[in-house]
Amino acid sequence: MLLPECRPECADCQEMKAGEWQYLCAAHPSPQPCSAIDYIIHTLDSTTALLNNTKLFPSRIFAHAWFHHRLVFDEFENETHLYKRFLYLSTIEFQLVPDKLVTIPDVFDLVE
């Protein structure tokens, strides 16, 4: 969506800025300015790498809450359905997490 509009030659996109704020790109050995589109691509690349890293993936956070703080988990899940949405997107829609890595019992009806 932004690709046709956000090009390095565009005066507003030569740096990753929001108003007066300039964002430095952390994809380099030391943070440095990047064009807006490069910053976006670097951020998406690092996010993809994080999501594909089973050691860091947030499913462990959900699992800890489920097994050790169940009342809080249930209350939050009843209000937000965050884990249900996470589980659907990560296991069904985009198949990012293999079923064998899902440690919370299958109690959610994900197909609606």
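Computed over heavy atoms, backbone and side chain alike; hydrogens, waters and symmetry mates excluded.
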Might you point out which heavy atoms bring Thr103 and Ala63 nearest each other, and give the distance in Å? OG1-CB, 3.0 Å
Taking only residues two or more places apart in sequence, or in another chain, which ones meet His42 in a side-chain hydrogen bond (donor to acceptor under 3.5 Å, both in side chains)? none
Taking atom OH of Tyr88 and atom CZ of Phe94, what is their separation to the nearest 0.5 Å? 8.5 Å
Would you check, one step at a time, whether the test side chain to side chain donor-acceptor pair (under 3.5 Å) holds for Asp38 with Ser35? CA-CA 5 Å; Asp38 286 343; Ser35 68; 3.2 Å; yes
dist His69:NE2 -> His64:NE2 (nearest 0.5 Å) comes out at 3.0 Å
Step through the shown structure and confirm whether more than 12 heavy atoms of other residues, nucleotides or ligands are within 6.0 Å of CD on Glu75. no
Among Pro33, Cys6, Cys34, exactly one meets side-chain contact (heavy atoms from CB on, under 4.5 Å) together with Tyr39. Which residue is that? Cys34
d(Trp66 CH2, Asp74 CG) to nearest 0.5 Å is 6.5 Å
Out of curiosity, Ile40 CD1 to Asp45 CG, how far, rounded to the nearest 0.5 Å? 12.0 Å
How long is the straight-line distance from OG of Ser90 back to OH of Tyr83, given to the nearest 0.5 Å? 7.0 Å
Could you state the interatomic distance from OG1 (Thr48) to CD1 (Ile41), rounded to the nearest 0.5 Å? 11.5 Å
Do the non-hydrogen side-chain atoms of Phe73 and Phe67 ever get within less than 4.5 Å of each other? no
Would you kindly confirm whether Leu87 and Leu82 end up in one hydrophobic cluster when ILVMFWY residues are joined by side chain heavy atoms under 4.5 Å apart? yes
In this structure, are over 12 heavy atoms from other groups packed under 6.0 Å from Phe76 atom CZ? no
Only distances under 3.5 Å count here; give the side-chain donor-acceptor pairs of residues 9-26 to other protein atoms, sequence neighbours excluded, each with its distance to 0.1 Å.
from: Glu15; atom 1: OE2; to: Gln22; atom 2: NE2; distance (Å): 3.3

